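Here's the structure we're looking at; comments come further down.
Remember, it's 1-based here, ligands and their atoms both numbered in the order they're listed. Just so it is clear, the model here is predicted, and its values are computed rather than measured.
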Amino acid sequence: MPETHLASGKVRELYALDDERLLLVASDRISTFDVVLPTEIPDKGRVLTGLSAFWFARTREIVDNHMLAIRADGRSTECRRLEMLPLECVVRGYLTGSGWKDYLASGEVCGHELPAGLQESARLPEPLFTPSTKAQTGHDENITRARAVGLVGEELASRVEQVSIALYRFAAEWAAARGILIADTKFEFGLDADGKLCLGDEALTPDSSRFWPADEYEPGRGQPSYDKQFARDYCETVGWDKTEPGPELPADVVDGTRARYIEAFDRLTELPFDRYLDDPEGVLR
Ligand code: Q0N
């Protein structure tokens, strides 16, 4: 079966299967500080594919999605071809990253006014919808609600805002009860052949979200990453300047990082990762 390569992300590949279907393949590559490292994390792509499939199967009542099937390799998702919206739908539940920077500078995050005196990493009173677009530089650029309306129209902008917040609330509550805080997350939506709104891409994975260990949560400082902290700490100790190429990771850092991905999978899906490897579609039931 000829599969035409359509696009490469930093850690994923997209192929055309036919006119209606695509194949999304998650590699074991890992990026830190925006650079893909030369060392892979075995099974990382399977963990992220399985987690995303788990959420797709459990959020169909909130919104339809593009997933059709998970292949036996555990890292490939067959999906419906959508007309993607030119919008990154970010939801923030905690004050971190560019949201924290914007708050310090202006007291607002993407046009949402916030109470004074919030600490870094504070839980926000309500989750915020803070859309962005892919800027020419490849970096995401936060946009106002008015610009989101300009890009997709009032009706779709309102719909993706409401759906994004509902998805975030559902997942954040599920994850927090299992020891993982989802600080923020990014969704990509598209329209199917009938014009119906569908969730696409991967969703609610540690690559599309910030996962924090709940038991170490302490506002007033930056939080450790649930999945990438070992790799980041190692990168800091070797005095790397954060330009290409990144450093090779030693075996203990690879093993520790792999264990964290698998722990996140086990906690969130309540399914042992080994069972996923035996039967990937079991995660959908
Ligand atoms: C699509 N991207 C963004 C993977 C992710 N279901 C779909 N239909 C049409 N197009 C897309 C999807 C999906 N998902 C999504 N590009 C096209 C990012 N890619 C970059 C490469 O790796």
Side-chain angles (χ1 to χ4, degrees), residues 1-32 34-37 40-41 43-60 62-71 73-91 131-143 148 151-152 156 159-160 163-164 167-168 171 184-209 261 280-281 283-284:
M1 177 164 52
E3 289 164 5
T4 314
H5 187 237
L6 285 186
S8 281
K10 272 191 299 200
V11 301
R12 292 174 307 146
E13 308 292 336
L14 193 61
Y15 300 87
L17 292 175
D18 55 41
D19 287 352
E20 286 93 44
R21 297 177 311 139
L22 301 176
L23 192 68
L24 201 49
V25 183
S27 74
D28 291 338
R29 298 193 292 274
I30 183 172
S31 72
T32 44
D34 269 339
V35 171
V36 177
L37 300 180
E40 296 193 331
I41 306 300
D43 292 322
K44 170 177 178 279
R46 292 189 175 92
V47 166
L48 268 60
T49 298
L51 250 187
S52 197
F54 168 82
W55 293 119
F56 281 143
R58 279 155 186 79
T59 57
R60 285 197 193 275
I62 300 173
V63 66
D64 197 3
N65 61 66
H66 71 163
M67 179 179 65
L68 293 169
I70 304 301
R71 290 208 168 162
D73 65 8
R75 67 169 74 249
S76 307
T77 308
E78 295 179 8
C79 42
R80 286 188 291 152
R81 233 184 236 263
L82 305 174
E83 176 133 25
M84 300 305 289
L85 304 182
L87 208 58
E88 313 257 299
C89 292
V90 176
V91 181
S132 62
T133 53
K134 287 252 183 280
Q136 281 87 345
T137 60
H139 266 99
D140 295 354
E141 183 195 334
N142 287 340
I143 59 172
L151 286 169
V152 301
L156 262 181
R159 185 85 210 291
V160 295
V163 166
S164 296
L167 288 167
Y168 174 81
D184 50 34
T185 196
K186 182 202 78 180
F187 301 110
E188 291 191 30
F189 294 94
L191 302 177
D192 70 8
D194 301 327
K196 189 151 58 98
L197 185 71
C198 289
L199 180 59
D201 204 54
E202 64 173 33
L204 298 160
T205 68
D207 275 8
S208 65
S209 320
Y261 280 109
E281 290 207 320
V283 81
L284 308 179

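Scanning the protein heavy atoms around atom 7 (C) of ligand 1, the nearest turns out to be L22 CD1, 3.4 Å. Nearest non-hydrogen protein atom to atom 14 (N) of ligand 1 is D201 N, 3.0 Å. Of the protein's non-hydrogen atoms, the one nearest atom 4 (C) of ligand 1 is L24 CD1, 3.3 Å. In this structure, the protein non-hydrogen atom closest to atom 15 (C) of ligand 1 is M84 CG, 4.1 Å.
The shortest side-chain heavy-atom distance between L6 and R81 falls under the 4.5 Å cut-off. A 4.5 Å side-chain heavy-atom check between L156 and L197 finds at least one atom pair inside the cut-off. A heavy-atom distance below 4.5 Å is found between the side chains of I143 and L87.
For atom 8 (N) of ligand 1, the nearest non-hydrogen atom from the set L82, L199, D192 comes from L82.
Judged by distance alone, the side chain of E281 and the main-chain N or O of I70 form a donor-acceptor pair under 3.5 Å.
Judged as a side chain to side chain donor-acceptor pair (under 3.5 Å), not a single pair has a partner in residues 47-59 (not counting sequence neighbours).
Taking every heavy atom of G9 and a limit of under 4.0 angstrom, the matching atoms of ligand 1 come to 21 (C), 22 (O). Atoms of ligand 1 found under 4.0 Å from any heavy atom of E188, numbered from 1 in the order shown, are 3 (C). Interface atoms of ligand 1 facing L14, defined by a heavy-atom separation under 4.0 Å, are 1 (C), 16 (N), 17 (C). Every atom of ligand 1 is numbered from 1 in the order shown, and the set under 4.0 Å from a heavy atom of R81 is 8 (N).
For the pair E83 and ligand 1, no heavy-atom separation below 4.0 Å is found. Between S8 and ligand 1 there is a heavy-atom distance shorter than 4.0 Å.
Using modelled atom types, one finds no donor on one side chain facing an acceptor on the other under 3.5 Å when comparing E141 with S132.
Of the heavy atoms in R12, both backbone and side-chain atoms come closer than 4.0 Å to ligand 1. Counting heavy atoms under 4.0 Å from ligand 1, residue L6 does not touch it at all.
When all heavy atoms are compared, the tightest approach of D192 to R80 is OD2-NH1, 3.1 Å.
Taking S76 as the reference, L23, V25, R71, D73 meet the side-chain contact (heavy atoms from CB on, under 4.5 Å) condition, with sequence neighbours excluded.
Each of P206, C89, S208 was scored for a side chain to side chain contact (heavy atoms under 4.5 Å, CB included) with T185, with one residue passing: S208.
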